[in-house]
Amino acid sequence: MSSNLTPKQIVKELDRFIIGQEDAKKSVAIALRNRWRHQHVIDGIKDEIYPKNLLMIGPTGVGKTEISRRLSKIAKAPFLKVEATKFTEVGYVGRDVEQIIRDLLENSIILVKKEMSKSVYEKAKAEAENIVLKYIAGEEARESTKNSFRKKLRDGLLDDKEIEIEVFEKNNPLPTIDLPNLTSGSMGIMNLSDIFGKNFGTYKRKKKIKVGESHKILIDQEMEKLLDNENIQKEAKTRVEQSGIVFVDEIDKVCTNSASKSAEVSREGVQRDLLPLIEGTIVSTKYGPIKTDQILFICSGAFHLSKPSDLLPELQGRLPIRVQLNPLKKEHFKKILTDTDNSLTKQYIELIKTEGVELIFADDGIDKICSLAEEVNFNVENIGARRLHTILEKVLEDISFCAPDLKGKKVVINKKLVEKHVGSLSKTTDLRKYVL
């Protein structure tokens with residue numbers, strides 16, 4: 001994480017994608033900046049400073065998940081979203097919560113591999129080009145002949161020529177198995193590929209393919225050769241331990257309250273299983289042990305039928321920062337449709353443009369859509385910004401259906417058109433409940 005990424009700059013970056021919720025943005029910005037501060041603290045006290053985990057409280061669709069996801073992108077940190085209810089699905093035990101850390105590590109490996117691939121891409125591209133030239137011109141060809149074919153290759157003149165290349169393919173991916181840890185006596189995770197090497201279980205085969213299609217296959221194969229899996233795994237583990245972010249959604253669904261006594265054992269069990277992860281423990285993975293002490297946990301829930309105080313006291317103590325997210329109103333919906341990067345209106349404009357139709361959202365049309373979203377959320381069920389998806393789909397249903405026949409035309413989404421498609425639905429209670 002860059003030292004230039006101050007809390008104010010983090011909030012400014014979040015403002016590009018999330019409207020409102022200033023308190024939540026401020027809290028996560030401080031939590032992220034504390035990561036950088038922790039890494040620069042003197043070693044004597046460094047190990048005593050733990051991340052302050054957050055509990056976000058608010059209705060669905062107001063930006064809880066999006067704030068966490070965007071935060072991880074800003075910090076280039078490994079991120080995982082998981083629903084707490086997933087661990088209550090099978091009897092009282094459910095899934096092993098330690099799988100959260102294993103999945104987070106897998107995400108981290110993908111992230112690091114993608115970054116490292118960029119650094120070797122040009123070298124892999126050049127090597128792939130040489131392999132294609134070898135198949136086309138032959139290994140004994142003179143340099144002048146190779147250069148002549150190289151120019152044709154780069155100009156795309158040889159794309160349709162068929163060549164036979166060697167490709168590596170996996171044959172029956174090897175399983176991951178549980179093996180006892182000889183030092184601690186506990187179970188550990190081990191992949192047979194890690195024992196015998198990354199090429200174990202792969203085989204070569206010759207494949208006829210066009211030059212244009214072969215390029216990506218050969219580049220990927222050359223990059224795989226250039227990348228050091230050991231370094232990737234080492235860096236991925238460091239990132240998980242120092243900057244990993246886990247977003248636990250629906251934490252309110254595992255609260256124990258008077259309304260849910262039948263599921264009390266299962267739900268309380270999930271909370272107790274999560275405790276050591278959030279407090280700090282060591283999790284065995286096929287890449288080695290991972291310490292969870294410095295992983296930032298962001299829990300969230302609507303807390304309609306329960307309240308944060310219904311959580312186990314031990315879990316409450318591990319979520320010291322509480323932030324309330326507010327329901328979205330008409331003015332927020334308007335900014336979501338007009339001010340955010342990659343807003344829904346921009347997405348629909350680009351989608352319909354592929355059919356040769358120009359879609360225009362008039363101000364009064366956007367105003368009406370936002371009014372309807374606020375009204376339906378208030379009268380039916382508050383699902384936040386997701387209501388905009390439902391209403392926009394109903395408004396644009398006929399236009400999307402007829403778009404191929406409207407090529408070269410302009411379509412304006414104004415108040416009259418919105419009322420025509422959605423107005424009657426919003427006035428009928430039953431239709432509003434089941435359609436919108």
Side-chain angles (χ1 to χ4, degrees), residues 14 18-31 50-69 71 80-89 91-95 97 100 245-280 292 295-329 332 374 376-387 433:
L14 290 172
I18 300 133
I19 297 300
Q21 315 304 355
E22 301 307 324
D23 290 344
K25 290 176 188 173
K26 189 176 177 181
S27 294
V28 296
I30 293 168
Y50 297 98
K52 303 299 183 288
N53 299 308
L54 291 90
L55 178 62
M56 291 187 180
I57 305 158
T60 184
V62 296
K64 300 189 294 293
T65 307
E66 193 63 17
I67 286 172
S68 304
R69 185 179 286 117
L71 189 72
L80 180 74
K81 176 184 182 287
V82 65
E83 282 81 27
T85 50
K86 181 183 286 187
F87 304 101
T88 62
E89 287 172 0
Y92 288 150
V93 181
R95 275 184 74 192
V97 294
I100 292 172
I245 298 173
V246 174
F247 181 79
V248 184
D249 201 5
E250 296 183 350
I251 195 74
D252 57 317
K253 303 295 193 303
V254 295
C255 282
T256 55
N257 56 53
S258 56
S260 59
K261 281 187 177 177
S262 61
E264 191 170 321
V265 178
S266 178
R267 292 175 176 184
E268 190 172 300
V270 174
Q271 293 184 61
R272 292 200 180 280
D273 285 347
L274 285 170
L275 278 174
L277 283 191
I278 297 177
E279 185 180 30
T292 68
I295 294 173
L296 179 66
F297 286 85
I298 302 175
C299 298
S300 85
F303 290 97
H304 289 314
L305 303 174
S306 57
K307 47 192 182 296
S309 58
D310 289 326
L311 291 166
L312 289 177
E314 300 94 324
L315 188 58
Q316 289 182 53
R318 288 162 179 78
L319 300 168
I321 301 174
R322 309 286 174 85
V323 58
Q324 178 75 45
L325 284 88
N326 302 312
L328 300 173
K329 299 187 180 296
H332 297 126
E374 183 182 43
V376 179
N377 273 352
F378 181 77
N379 291 321
V380 181
E381 182 70 37
N382 189 357
I383 61 169
R386 294 188 179 95
R387 186 70 68 188
K433 283 182 180 178

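Computation of the quantities below employed the complete heavy-atom set of this structure, encompassing side-chain atoms and omitting hydrogens, waters and symmetry-equivalent molecules.
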Expected output: side-chain [X] to main-chain [Y] donor-acceptor under 3.5 Å:
{"X": "Lys64", "Y": "Gly58", "result": "yes"}
{"X": "Gln271", "Y": "Val254", "result": "yes"}
{"X": "Lys25", "Y": "Gly20", "result": "yes"}
{"X": "Asn377", "Y": "Glu374", "result": "no"}
{"X": "Gln316", "Y": "Leu311", "result": "yes"}

Any non-hydrogen side-chain atom of [X] less than 4.5 Å from a side-chain atom of [Y]?
{"X": "Asn53", "Y": "Leu296", "result": "yes"}
{"X": "Val28", "Y": "Met56", "result": "yes"}
{"X": "Ile67", "Y": "Ile298", "result": "no"}
{"X": "Phe303", "Y": "Leu55", "result": "yes"}
{"X": "Ile100", "Y": "Leu274", "result": "yes"}

Electrostatic pair [X]:[Y] at N-O distance under 4.0 angstrom:
{"X": "Asp249", "Y": "Lys81", "result": "yes"}
{"X": "Lys26", "Y": "Asp23", "result": "no"}
{"X": "Glu381", "Y": "Arg387", "result": "no"}

Residues in salt bridge (charged side-chain N to carboxylate O under 4.0 Å, His left out) contact with Glu66, at least two apart in sequence or another chain: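 Result, salt bridge (charged side-chain N to carboxylate O under 4.0 Å, His left out) vs Glu66: Arg69, Arg70.
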
Find the distance between [atom1] ([X]) and [atom2] ([Y]) and round it off to the nearest 0.5 Å.
{"X": "Ser27", "Y": "Leu325", "atom1": "OG", "atom2": "CG", "answer": "9.0 Å"}
{"X": "Glu279", "Y": "Phe297", "atom1": "CD", "atom2": "CZ", "answer": "11.5 Å"}
{"X": "Asp252", "Y": "Leu305", "atom1": "CG", "atom2": "CG", "answer": "8.0 Å"}

Might you point out which heavy atoms bring [X] and [Y] nearest each other, and give the distance in Å?
{"X": "Pro308", "Y": "Ile57", "answer": "CG-CD1, 3.6 Å"}
{"X": "Asp273", "Y": "Pro276", "answer": "O-CD, 3.3 Å"}
{"X": "Asn382", "Y": "Pro59", "answer": "ND2-CG, 4.0 Å"}

Residue from Leu315, Leu312, Val97 passing side-chain contact (heavy atoms from CB on, under 4.5 Å) with Arg272: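 So, applying the side-chain contact (heavy atoms from CB on, under 4.5 Å) to Arg272 and each of Leu315, Leu312, Val97, only Leu312 qualifies.
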
Residues forming a side chain to side chain contact (heavy atoms under 4.5 Å, CB included) with Thr292, sequence neighbours excluded: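 So Thr292 forms a side chain to side chain contact (heavy atoms under 4.5 Å, CB included) with Ile101, Leu277, Thr281, Val283, Ile295.
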
